[in-house]
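The structure under discussion appears below in the form of structure tokens.
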Amino acid sequence: MAQVNIRVDDDLKQKADDLFNELGINMTTAFTIFIKAAIRQNGMPFDLNIDPFYSNSNMKVLLESIHDADVGRLTEHELIEI
């Protein structure tokens with residue numbers, strides 16, 4: 001049996017230990033489940049995306065809007081009633 005050593009932040013490890021313990025498994029079992037799922041799916045067993053909110057283009061729009069607000073150039077929009 002192979003041994004795998006990883007380094008993680010102490011707080012992150014404690015939170016993971018607490019979660020896995022509540023699920024009735026240990027860290028080794030959790031990683032084994034993750035690795036088997038990744039192999040079975042031939043990739044990450046979950047979506048791995050970058051939130052578009054933090055994209056460069058959206059950050060540019062937000063910074064321009066903040067600047068416009070700072071200099072008094074706000075645009076009033078009608079409220080959308082749902």
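The residues of the chain are indexed from 1 along the displayed sequence.
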Can you tell me if [atom1] on [X] sees more than 12 non-hydrogen neighbours from other groups inside 6.0 Å?
| X | atom1 | value |
| --- | --- | --- |
| Tyr54 | OH | no |
| Asn49 | CG | yes |
| Ile50 | CD1 | no |
| Asp10 | CG | no |

With a 4.5 Å cut-off on side-chain heavy-atom distances among I, L, V, M, F, W and Y, is there a chain of contacts connecting [X] to [Y]?
| X | Y | answer |
| --- | --- | --- |
| Ile35 | Met27 | no |
| Val4 | Phe34 | no |
| Ile33 | Leu12 | yes |
| Val61 | Ile66 | no |
| Phe31 | Leu19 | yes |

(request) Using only heavy-atom distances, determine whether the side chains of Asn58 and Ser55 contain a donor-acceptor pair under 3.5 Å. (result)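 There is no such pair between these side chains.
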(request) Check whether any side-chain N or O of Thr29 sits under 3.5 Å from a backbone N or O of Ile25 as a donor-acceptor pair, and report yes or no. (result)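 Flag not set: sc Thr29 to bb Ile25 has no pair under 3.5 Å.
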(message) Please enumerate all residues that pass salt bridge (Lys or Arg N to Asp or Glu O under 4.0 Å) together with Lys36, with sequence neighbours excluded.
(response) none
(message) I'd like to check Gln41 versus Phe46 (side-chain heavy atoms, cut-off strictly below 4.5 Å). Are they in contact?
(response)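 No, side chains not in contact.
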(message) Less than 4.5 Å apart, side chain to side chain, heavy atoms only: is that true for Asn21 and Asp18?
(response)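 Result no, sub-4.5 Å side-chain heavy-atom pair not found.
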(message) Tell me whether Asp9 is salt-bridged to Lys13, with the criterion being a basic N under 4.0 Å from an acidic carboxylate O.
(response) no
(message) Can you give me the closest heavy-atom contact between Met59 and Phe53, atom names plus distance?
(response) CE-O, 3.1 Å
(request) Any chance you could measure Asn26, atom CG, to Thr32, atom OG1, to the nearest 0.5 Å? (result) 8.0 Å
